[in-house]
Colleague: 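What follows is a single structure, and I will ask about it in a moment.
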Amino acid sequence: MAEGYPTKPVRIIVGFGPGGVVDILARLMGQWLSERLGQPFVIENRPGAGTNIATETTVRAPPDGYTLLMVSTVNAWNASLYDKLNFNFIRDIAPVASIERGSGVMEVHPLFPAKTVPEFIAYAKANPGKVNMGAVAGGSTHLYGELFKVMAGVDLVTVHYRNSPLTDLIGGQLQCMFDPLASSIEHIRAGELRALAVTSATRLEVLPDIPTVGEFVPGYEATVWNGIGAPKNLPAEIVDKLNKEINAALADPKMKARIADLGAEVLAGSPADLRRLIAEETEKWARVVRAANIKVE
């Protein structure tokens, strides 16, 4: 079966609208797979319900390799954020290959008095309930901040937004934010925001002088990741064929550079590696959701 696969166009379902990081990654990988495997890999955007519409569409598709899903950290979050889902992500989606891991950045308005994470923690503890943190409910800006609050033992006021609070942080209406690096890095370089730390486990090449949060709050690490999944019971031969081609893409210098431009790093691995990552992240963020009592309306 794998020898002849694919014999017709393959769709990659994306749970976000066009133009975002996940959509760009899907198109990069789709183009690579199209060129290597000789059939179109067509991107199908199915935004809505926190990516659950896209996931459910994939779960209901035949496990024949012609419907794939861009999987991400959001899928791990949703297992706890939503009380009722029509699927079990870990059970119903077969991991195929991871693609990349992206960092967030802990940042403040330039006039905020703290210039380091220890200074920020000291200020927040001296001024409980007086530091406003912008966040989109249930997203990385929210969960990264809640994890920091729990691990650093600080009382920050979470101010919820429907869309990114970045404009209000730059304007001084907010004091801090945990933002995806890709959307903040140009503002940091322009001096409109002050980066205190990155949320990844190690320092990043794009901001080499900025420490990690974990250097001051031991064990803190918060990143987003993306990969490819498929309906469960996809034949192992097709999983292995797709995994091999995706890992070949991640080894290509041009692909590495494009992913770096998105503020991320390649994350190559086996299907088993992705399965383990999904399980670990689902449990990790479930603890944060429970501790912060986060609910998605």
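What you see below is based on every heavy atom in this structure, not just the backbone, and it leaves out hydrogens, waters and symmetry mates.
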Colleague: Mind listing the closest non-hydrogen atom pair of Pro95 and Pro271 along with its distance?
Modeller: O-CB, 3.5 Å
Colleague: Atom CD1 in Ile24, atom CD1 in Ile43: separation rounded to 0.5 Å?
Modeller: 12.0 Å
Colleague: Do side-chain atoms of Gln175 reach the backbone of Asn132 as a donor and acceptor pair under 3.5 angstrom?
Modeller: yes
Colleague: Do any N or O atoms from the side chain of Glu119 and from the backbone of Lys115 form a donor-acceptor pair under 3.5 angstrom?
Modeller: yes
Colleague: Is there side-chain contact between Met177 and Asp168, with at least one heavy-atom pair below 4.5 Å?
Modeller: no
Colleague: Please assess Arg287 against Glu283 for the test salt bridge (Lys or Arg N to Asp or Glu O under 4.0 Å), listing each intermediate value before the final yes or no.
Modeller: CA-CA 7 Å; Arg287 292 194 298 269; Glu283 177 55 32; 3.5 Å; yes
Colleague: Passes side chain to side chain contact (heavy atoms under 4.5 Å, CB included), Tyr161 versus Leu174? Steps please.
Modeller: CA-CA 12 Å; Tyr161 287 73; Leu174 299 168; 3.6 Å; yes
Colleague: Any chain of hydrophobic side-chain contacts (each under 4.5 Å) joining Val198 to Val117?
Modeller: no
Colleague: What's the separation between atom CD1 in Ile278 and atom CG in Asp273, rounded to the nearest 0.5 Å?
Modeller: 11.0 Å
Colleague: What I'd like to find out is whether the side chain of Leu169 reaches to under 4.5 Å of the side chain of His187, using heavy atoms alone.
Modeller: no
Colleague: Any chance you could lay out the side chain to side chain contact (heavy atoms under 4.5 Å, CB included) test for Lys232 and Asn88, step after step, and finish with the verdict?
Modeller: CA-CA 11 Å; Lys232 68 177 180 180; Asn88 179 303; over 6 Å; no
Colleague: Assess whether atom CZ of Arg162 is packed by more than 12 heavy atoms of other residues, nucleotides or ligands within 6.0 Å.
Modeller: no
Colleague: Please state whether the rings of Phe120 and Phe112 are parallel, tilted or perpendicular, taking 30° and 60° as the class boundaries.
Modeller: tilted
Colleague: Checking side chain to side chain contact (heavy atoms under 4.5 Å, CB included) for the pair Leu250/Leu267: CA distance, chi angles, key distance, verdict?
Modeller: CA-CA 8 Å; Leu250 300 179; Leu267 183 64; 5.9 Å; no
Colleague: Can you find a heavy atom in the side chain of Leu28 that is under 4.5 Å from one in the side chain of Glu100?
Modeller: no
Colleague: Any side-chain heavy-atom pair from Gln39 and Leu37 closer than 4.5 angstrom?
Modeller: no
Colleague: Under a plain distance cut-off of 3.5 Å, with no hydrogens placed, do Asn52 and Thr55 share a side-chain donor-acceptor pair?
Modeller: no
Colleague: Once you round to the nearest 0.5 Å, how far does CD1 of Ile121 lie from CG of Leu156?
Modeller: 9.5 Å
Colleague: Short question: side chain of Thr223, backbone of Ser200 - any donor-acceptor pair under 3.5 Å?
Modeller: no
Colleague: Working to the nearest 0.5 Å, report the span between NZ of Lys149 and CG of Asp155.
Modeller: 7.0 Å
Colleague: With distance as the sole test, does Tyr66 use its side chain to make a donor-acceptor pair with the main-chain N or O of Pro6 at under 3.5 Å?
Modeller: no
Colleague: Distance-only, no hydrogens or angles: does the Thr51 side chain make a donor-acceptor pair with backbone N or O of Gly15 under 3.5 Å?
Modeller: no
Colleague: Do the non-hydrogen side-chain atoms of Thr58 and Leu68 ever get within less than 4.5 Å of each other?
Modeller: no
Colleague: Are Val96 and Leu274 close enough that some pair of their side-chain heavy atoms sits under 4.5 Å apart?
Modeller: no
Colleague: For a 4.5 angstrom cut-off between non-hydrogen side-chain atoms, does Val217 reach Met106?
Modeller: no
Colleague: Given 3.5 Å as the limit, does a donor-acceptor pair link the side chain of Asp179 with the main chain of Thr141, or not?
Modeller: no
Colleague: Working to the nearest 0.5 Å, report the span between CH2 of Trp225 and CD of Glu281.
Modeller: 6.5 Å
Colleague: Do Val71 and Val224 belong to the same hydrophobic cluster, where Ile, Leu, Val, Met, Phe, Trp and Tyr are linked whenever their side-chain heavy atoms lie under 4.5 Å apart, directly or via other members?
Modeller: yes
Colleague: Would you tell me whether Glu146 and Thr158 have side-chain atoms, one donor and one acceptor, within less than 3.5 Å of each other?
Modeller: yes
Colleague: Are the side chain of Asp240 and the backbone N or O of Pro235 linked by a donor-acceptor pair below 3.5 Å?
Modeller: no
Colleague: State plainly whether one hydrophobic cluster holds both Val14 and Trp32, where clusters connect Ile, Leu, Val, Met, Phe, Trp and Tyr through side-chain heavy atoms under 4.5 angstrom apart.
Modeller: yes
Colleague: Does any N or O in the side chain of Trp77 come within less than 3.5 Å of the main-chain N or O of Val289, such that one atom is a donor and the other an acceptor?
Modeller: no
Colleague: Please check: side-chain N/O of Asn127 versus main-chain N/O of Lys130, any donor-acceptor pairing under 3.5 Å?
Modeller: no
Colleague: Determine whether Leu277 and Ile259 fall in the same hydrophobic cluster, where Ile, Leu, Val, Met, Phe, Trp and Tyr are linked whenever their side-chain heavy atoms lie under 4.5 Å apart.
Modeller: yes
Colleague: Same cluster for Val154 and Val105 if Ile/Leu/Val/Met/Phe/Trp/Tyr side chains link at under 4.5 Å?
Modeller: no
Colleague: Nearest 0.5 Å, please: how far is OG in Ser184 from CG in Leu207?
Modeller: 10.0 Å
Colleague: Treating Arg194 as the side-chain partner and Ala114 as the backbone partner, does any N or O pair qualify as donor plus acceptor under 3.5 Å?
Modeller: yes
Colleague: Could you walk me through whether Arg46 and Glu56 pass the salt bridge (Lys or Arg N to Asp or Glu O under 4.0 Å) check?
Modeller: CA-CA 10 Å; Arg46 290 284 189 97; Glu56 188 168 349; over 6 Å; no
Colleague: Any idea how Trp285 and Tyr144 line up, ring-wise: parallel (<30°), tilted (30 to 60°), or perpendicular (>60°)?
Modeller: parallel
Colleague: In the structure I gave you, are the side-chain heavy atoms of Asn75 and Ile93 within less than 4.5 Å of one another anywhere?
Modeller: no
